Amino acid sequence: MEAPLNAGFAFQGIVIFLAAPLAAGVLRKLKAVLQNRLGAPVVQPYRDLRKLLGKEEVVSGTASGLFRVAPYVVFAATAGACSLVPVVLARMATAGGAWGDLVVLVGLLALGRFALALGALEAGSAFGGMGSSREMMVSSLAEPALLTALFVAALEARTSEAGRIAAHVARTGGAAFGPGSAFALAALFLVALAECGRLPVDNPSTHLELTMIHEAMILEYSGRSLALIEWASQARLLLFMTLLVDLFLPWGIALDASAAALALGAAVYALKIAGLCAVLAFAETSTAKLRLFRVPDFLGAAFVLALIGLFSQGFIQWGL
Amino acid sequence: MFRILRRCARTGLATLPLEPARDADYELAGEKLRESIRRLRGGRSLYVREVDAGSCNGCEIEISALTSPVYDAERFGVHVTASPRHADVLLVTGPVTRQMELALKMTYEAAPEPKIVVACGDCALDGGAFAGSYAVAGAVEDVLPVDIRIKGCPPKPSAILGALLAAVERAGKA
Ligand code: SF4
């Protein structure tokens, strides 16, 4: 019983990867509509990836092997991180054995980001180095806030495995969503914006070299490498959205592997992600990008929110 | 914040349907285009890199209009990128000046195969108003193999987009 269940749990990571371009497409479509445009069809990201996978690669003469390896590391690390979170099926308390927990997830994401930053330095262009240094700055500020927000959820469920947290909150119902969770949810949302290179920290559709962060790092990549990086970053966005709904709003997620529960879980998941996409599209349409030197303030606010969440969670659980 | 959203809601859809390209507006050249389109899986996703080889910027103004809500090139999968490494299409404008000749060649080399070169505007086709100037190395064709030619000085945004899409479709079918 155990092994197939665990395999099924890890399989959900593949779902994230397959659905990620669709989520990105829906988000772009919503943004286009809010900008009074027609926008690309929602399947456009799939077409882009398919085309990129068939293209030749051009590699700068100064780049070493690291440049070629980096996209695979990014892809693999993101895939590993995706296999740690529940999508439609929570991880039962009865399921034996340990599964990678949230700290592993944060570590894997950091590994991917590290590889990408190194790869960007390889090509020897000025923009790659600029992008890398900015990305490192943003992530060094985002990571403490991310971990603190995740710990709030872990404290509530007394486990740091995403699957078990989702199971715990889903079973406990509304009582599990205390003030601590509300603060942590807000903090995680802000962190997700920074981690996935969305407005107001980074602009995913910018062409202005001086303001880009993520885009500056992938300027030198082409063909299949570019496809892998793009796909991984789309999966990263969906991963963060999944984390948001898993840890704080998991109601409806399947608690056992029966077909009815899984179908309900899938439907509820799609609905929640669509809702999050809409929130993100509204937020991105109505905010401007922050000056780079204001990003620490933004992420500082996220960290403080997470910290308040952690304290209030602690007070509620153990008293003063 | 809400002011922007209210304004968006009041404006409604600004995108106009694209008028079909007139045959007089553009020309196809070469067998290579057909092969490129096939390898680009039909050209439903085109990353465009704009290269200004010395134009008067008239063409650039028309091209930047393509990303506006009115023309919305994105609905056809046409996307302007910041790097020649991502490019499927090199959209070259202006006569090739001596200063830009090398840069244009390097951009071509930096783009991965399959790539489509579009000469956009009369200057790019034959030097236009600047033909014969001591600063001009020649038309785009003298420097790079050109796949699609778009006429006009400057071509209308709808003509640029329409010609590009029609050319891709015709080459894809043939
Ligand atoms: S074709 Fe006309 S608008 Fe375009 S660069 Fe030449 S002179 Fe300028």
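Numbers restart at 1 for each chain; the letters A, B, ... are given by sequence-line order, proteins then strands. Everything quoted here is computed from the prediction, not taken from an experiment.
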| field | Any donor-acceptor N or O pair under 3.5 Å, side chains A:S60, A:T62 | value | yes

| field | Worked verdict on A:F17 versus A:F75 for ring pair (Phe, Tyr, Trp, His ring centres under 6.0 Å) | value | CA-CA 10 Å; A:F17 260 87; A:F75 192 81; 5.0 Å; yes

| Residues of residues 222-230 of chain A contacting chain B, heavy-atom criterion under 4.5 Å, by residue number | A:S222, A:L226

| message | Given 3.5 Å as the limit, does a donor-acceptor pair link the side chain of A:R28 with the main chain of A:G25, or not? | response | no

| field | Residue, of A:A283, A:G54, A:S286, that accumulates the most heavy atom pairs under 4.5 Å with chain B | value | A:S286

| Do A:L116 and A:H214 come within less than 4.5 Å of each other through their side chains, counting heavy atoms only? | yes

| Do the side chains of A:R37 and A:K31 get nearer than 4.5 Å, heavy atoms only? | no

| task | Start with the C-alpha distance between B:V89 and B:K115, add both sets of side-chain angles, then the distance that settles side-chain contact (heavy atoms from CB on, under 4.5 Å), and finish with yes or no. | result | CA-CA 6 Å; B:V89 177; B:K115 52 198 163 193; over 6 Å; no

| field | Heavy-atom proximity to chain B below 4.5 Å, by part of A:Q35 | value | backbone

| Side chains of A:S64 and A:E122: is there a donor and an acceptor less than 3.5 Å apart? | yes

| task | Using atom types as modelled and distance alone, determine if a side-chain donor or acceptor of B:S55 lies under 3.5 Å from a backbone N or O of B:D52. | result | no

| Atom group of B:V70 that falls short of 4.5 Å from chain A, counting heavy atoms | neither

| Would you say B:N57's side chain and B:E60's backbone share a donor-acceptor pair under 3.5 angstrom? | no

| field | Part of B:Y71 lying under 4.5 Å from any heavy atom of chain A | value | neither

| query | Does a side-chain heavy-atom distance below 4.5 Å link B:C120 with B:P155? | reply | yes

| field | Close approach to chain A in residues 98-106 of chain B, criterion heavy atom under 4.5 Å | value | none

Please output the side-chain donor-acceptor pairs of residues 188-200 of chain A that fall under 3.5 Å, not counting sequence neighbours, one pair per line with the distance.
from, atom 1, to, atom 2, distance (Å)
A:E195, OE1, A:R113, NH2, 2.3
A:E195, OE1, A:R236, NH2, 3.2
A:E195, OE2, A:R113, NH2, 3.4
A:R198, NE, A:E284, OE2, 3.0
A:R198, NH2, A:E284, OE1, 3.1

| If contact means a heavy atom pair closer than 4.5 Å, which residues of residues 271-278 of chain A contact chain B? | none

| message | Could you go through B:R85 and A:E57, starting from their C-alpha distance and side-chain angles, then the distance that decides it, and tell me whether this counts as salt bridge (charged side-chain N to carboxylate O under 4.0 Å, His left out)? | response | CA-CA 8 Å; B:R85 294 263 195 258; A:E57 270 187 57; over 6 Å; no

| task | Kindly say whether A:M136 contributes a backbone atom to a donor-acceptor pair with the side chain of A:S139 at under 3.5 angstrom? | result | yes

| query | chain A heavy atoms under 4.5 Å from B:A73: which part of the residue, side chain, backbone, both or neither? | reply | neither

| said: Keeping B:H86 on the side-chain end and B:V48 on the backbone end, is there a donor-acceptor pair under 3.5 Å? | reply: no

| query | Is there a donor-acceptor pair closer than 3.5 Å between any side-chain N or O of A:Y221 and the backbone N or O of A:F67? | reply | yes

| task | Output the option from A:L34, A:T287, A:V33, A:L52 having the highest count of non-hydrogen pairs under 4.5 Å with chain B. | result | A:L34

| request: Among the options A:K55, A:Q44, A:K29, pick out the one with the most heavy-atom pairs lying under 4.5 Å from chain B. | output: A:K55

| Donor-acceptor pair, side chain of A:N36 and main chain of B:L13, under 3.5 angstrom | no

| Are A:D48 and A:K51 within salt-bridge range, i.e. N to O under 4.0 Å? | no

| remark: From the list B:S45, B:S68, B:P69, the residue making the most non-hydrogen contacts under 4.5 Å with chain A is B:S45

